[in-house]
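Reviewing the structure listed below.
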Amino acid sequence: MFVGTCALSLAFSLITGSAAAISLDTTSQDSIKSVSKVLASSVVAFYDETLKEDLVPGLFPEPFYWWEAGLAFNTLIEYYGLTNDSQFNARISQALQHQLGELAAFMPQNQTSTLGNSDQSFWGLASLSAHEVQLSAPASGSWLEYAQNVFDVQAARWNTESCDGGLKWQIFTFNAGYNYKDSESNGQFFLLAARLADLTGNATYAEWANKVYTWTNDIGLVSNFHVYDGTDDTKNCSQINHIQWTSRHAEFTEGAALMYKFSNAAKNWTDIVTGFANSSSIFQGDNGALTEKACERNSRCDIDQRAFKAIATRSFARAALAAPIVADSLHAILTASAKGAAENCNDSSEGVACSLAWSTSSNDDSEQKSAADGNLGEVLNALSAIQALLWPNASFPNATVGSTGTTNNATTSGNSSGSTGAPESRGSGSTLAASITLVLAIAFATALSC
């Protein structure tokens, strides 16, 4: 269900009342912040209209899946951290708390049909960002604790019954994809472990990050610093789906950068993060901007894949901050992407509209549309790419951790998401549909489905 195009009048328009490409000066902090504000406001305006219709905090309407809402709120959290514009914080806090679900680990019962490991991780990573920016929170629990809970339940799901380890894409046996071990779920688990190691100094998280990264290489999901989509565990992960996505490559790059930082530039992690940064060039178009090469060049990107560059630009920016040795090459990609994003968005009195393509080498022929008219992913892409230029001056990822492992408090609401249904195609962007299995669900899945 879509709501009508938002009538919010946005302040940043080159020619009042008419559509115009957004003007961005990539060398000006003021310009970057102004454009970011326009894009963030357009996302929030769409969310506010949705909330009026559905009255369910934290969700966007069909066809946008639950995972993309987690991505959206993470992007808005980091918008606050990068710009100090706190006007959206109350909505963000409410959304995260409402979607917290069972075990205070972002497993709402009403999202069971679309709740995979990667979907859960998007919200866990958003909660970790909320901790980093010190988003105010209620009286019990904490944003950090919620992210740690996600890590704990996913560590318990580490599956050695096939392929000697790895996370399955799906949590529940009755969801298509349960037999698929994918780079998104395992890459985000790697990233979550690396971020927690960096923030807390706890070596157990670093050990898990090493374990996950080693497994992805041993099984072939990562090979020569290229990240591939996934593999079927009913075949003992002997066959790899070699499709590559910007998001997964960038997530592994960020995780490697954090491990480089945590290990005090150990040679193995120096080689790994440098390798990922160098191989990221496969995703650059003719102007240096990111392109989703697996689908953008043939105009076949689906609703999930059209938001992957939002994930990629954020992770590349964070990687450059954690590992300065790769900052120059990643900043070149980010600057070109920000320019391309601005050139392919327009702003008018009716709101912001963006398209997917940032490069003339793309064959994607989709028109510029607003978030409310179906292009939420494209607007998130642009917001993430443009605010990524603010990361070199960011300080909030160094949020301190107290003796209890928490710095702020939040409440466990336990509310279900209230979703009234989901599209038939599944969730967070894996492209191989695996068969449904009748094996018993793991303990956490069973608890949720009762």
Can you confirm whether or not the ring centre of [X] sits under 6.0 Å from the ring centre of [Y]?
| X | Y | result |
| --- | --- | --- |
| Trp269 | Tyr213 | yes |
| Phe60 | Tyr47 | yes |
| Trp67 | Trp123 | no |

Checklist entry - Checking side-chain contact (heavy atoms from CB on, under 4.5 Å) for the pair Cys354/Leu39: CA distance, chi angles, key distance, verdict? => result CA-CA 10 Å; Cys354 297; Leu39 292 162; 4.2 Å; yes
Next on the checklist: Name the residue from Asn278, Ile272, Val273 that meets the side-chain contact (heavy atoms from CB on, under 4.5 Å) definition with Phe276.
Outcome noted: Ile272
Next on the checklist: Using the side-chain contact (heavy atoms from CB on, under 4.5 Å) definition, which of the options Ile311, Asp304, Leu71 pairs with Ser247?
Outcome noted: Ile311
Item to check | Pairs meeting criterion salt bridge (charged side-chain N to carboxylate O under 4.0 Å, His left out) with involvement of residues 79-88, two or more places apart | outcome: none
Checklist entry - Please, which pairs that meet salt bridge (charged side-chain N to carboxylate O under 4.0 Å, His left out) have at least one residue in residues 201-213, sequence neighbours excluded? => result none
Grab the two heavy atoms, one from [X] and one from [Y], that are nearest each other, plus how far apart they are.
| X | Y | result |
| --- | --- | --- |
| Val379 | Ser370 | CG2-C, 4.5 Å |
| Ser183 | Leu221 | N-CD1, 4.1 Å |
| Ser384 | Arg314 | OG-N, 3.4 Å |
| Ala206 | Ala197 | N-CB, 3.7 Å |
| Leu258 | Ala322 | CD2-CB, 4.0 Å |
| Ala312 | Leu290 | CB-CD1, 4.0 Å |

Item to check | Residue pair Leu100, Leu96: steps toward the side-chain contact (heavy atoms from CB on, under 4.5 Å) verdict | outcome: CA-CA 6 Å; Leu100 193 56; Leu96 264 65; over 6 Å; no
Next on the checklist: Quick check with a 6.0 Å cut-off and a 45 degree axis cone: is Lys181 positioned over the face of Trp169's six-membered ring?
Outcome noted: no
Verify whether one side chain among [X] and [Y] offers a donor that lies under 3.5 Å from an acceptor in the other.
| X | Y | result |
| --- | --- | --- |
| Glu292 | Thr246 | yes |
| Gln154 | Ser121 | yes |
| Gln244 | His226 | yes |
| Ser129 | Arg195 | yes |
| Ser118 | Gln188 | no |
| Thr50 | Glu53 | no |
| Tyr180 | Asp229 | yes |
| Ser86 | Asn89 | no |
| Asn186 | Thr216 | no |
| Gln97 | Ser93 | yes |

Next on the checklist: Check Glu251 with Arg248, please: is the shortest side-chain N to carboxylate O separation under 4.0 Å?
Outcome noted: no
Checklist entry - Any salt bridge between Asp271 and Lys267, counting N to O under 4.0 Å? => result yes
Checklist outcome for this item: Output for pair (Leu356 CG, Glu296 CD), nearest 0.5 Å, gives 4.0 Å
Next on the checklist: Between Asn287 and Ala289 (side chain of the first, backbone of the second, donor and acceptor by atom type, cut-off under 3.5 Å), is there such a pair?
Outcome noted: yes
Next on the checklist: Using modelled atom types and a 3.5 Å cut-off, is there a donor and acceptor pairing between side-chain atoms of Asn74 and backbone atoms of Gly70?
Outcome noted: no
Next on the checklist: What verdict does the side-chain hydrogen bond (donor to acceptor under 3.5 Å, both in side chains) test give for Gln387 and Glu78, after you've listed the backbone C-alpha separation in whole Å, the side-chain angles of each residue and the deciding distance to 0.1 Å?
Outcome noted: CA-CA 9 Å; Gln387 72 183 26; Glu78 293 181 343; 4.9 Å; no
Checklist entry - Does the ring-ring contact (aromatic ring centres under 6.0 Å, His included) test come out yes or no for Phe106 and Phe122, once each step is laid out? => result CA-CA 9 Å; Phe106 298 102; Phe122 277 104; over 10 Å; no
Next on the checklist: Run Leu76 and Val44 through side-chain contact (heavy atoms from CB on, under 4.5 Å) and show every step you take.
Outcome noted: CA-CA 9 Å; Leu76 292 171; Val44 174; 3.8 Å; yes
Next on the checklist: One pair to check against ring-ring contact (aromatic ring centres under 6.0 Å, His included): Phe190 and Trp208. What are the steps and the verdict?
Outcome noted: CA-CA 7 Å; Phe190 167 57; Trp208 266 99; over 10 Å; no
Checklist entry - Do the rings of Phe64 and Phe46 sit parallel, tilted or perpendicular, given the 30° and 60° boundaries? => result perpendicular
Item to check | Ring geometry between Trp143 and Tyr146 (parallel below 30°, tilted from 30 to 60°, perpendicular above 60°) | outcome: perpendicular
Item to check | side-chain contact (heavy atoms from CB on, under 4.5 Å) between Asn84 and Lys33, worked out | outcome: CA-CA 10 Å; Asn84 203 34; Lys33 290 179 180 179; over 6 Å; no
Checklist entry - Would Gln284 and Ser281 satisfy side-chain hydrogen bond (donor to acceptor under 3.5 Å, both in side chains), going step by step from the backbone distance to the final call? => result CA-CA 5 Å; Gln284 290 183 270; Ser281 60; 5.0 Å; no
Checklist entry - Given the rule in the ring-ring contact (aromatic ring centres under 6.0 Å, His included) test, do Tyr228 and Trp245 qualify, once you have shown the distances and angles that lead to the verdict? => result CA-CA 8 Å; Tyr228 301 119; Trp245 306 103; over 10 Å; no
Is any side-chain heavy atom of [Y] closer than 4.5 Å to one of [X]?
| X | Y | answer |
| --- | --- | --- |
| Ser355 | Glu367 | no |
| Leu390 | Thr83 | yes |
| Val43 | Leu380 | yes |

Give a yes or no on whether [X] atom [atom1] has more than 12 heavy-atom contacts from other residues, nucleotides or ligands under 6.0 Å away.
| X | atom1 | result |
| --- | --- | --- |
| Asn393 | CG | yes |
| Asn224 | CG | no |
| Lys261 | NZ | yes |

Checklist entry - Out of Lys293, Arg297, Arg306, Lys309, which residue meets the salt bridge (charged side-chain N to carboxylate O under 4.0 Å, His left out) rule with Asp364? => result Arg306
Item to check | Candidate pair Gln305 and Asp302, rule side-chain hydrogen bond (donor to acceptor under 3.5 Å, both in side chains), full reasoning | outcome: CA-CA 5 Å; Gln305 295 152 7; Asp302 67 20; 3.3 Å; yes
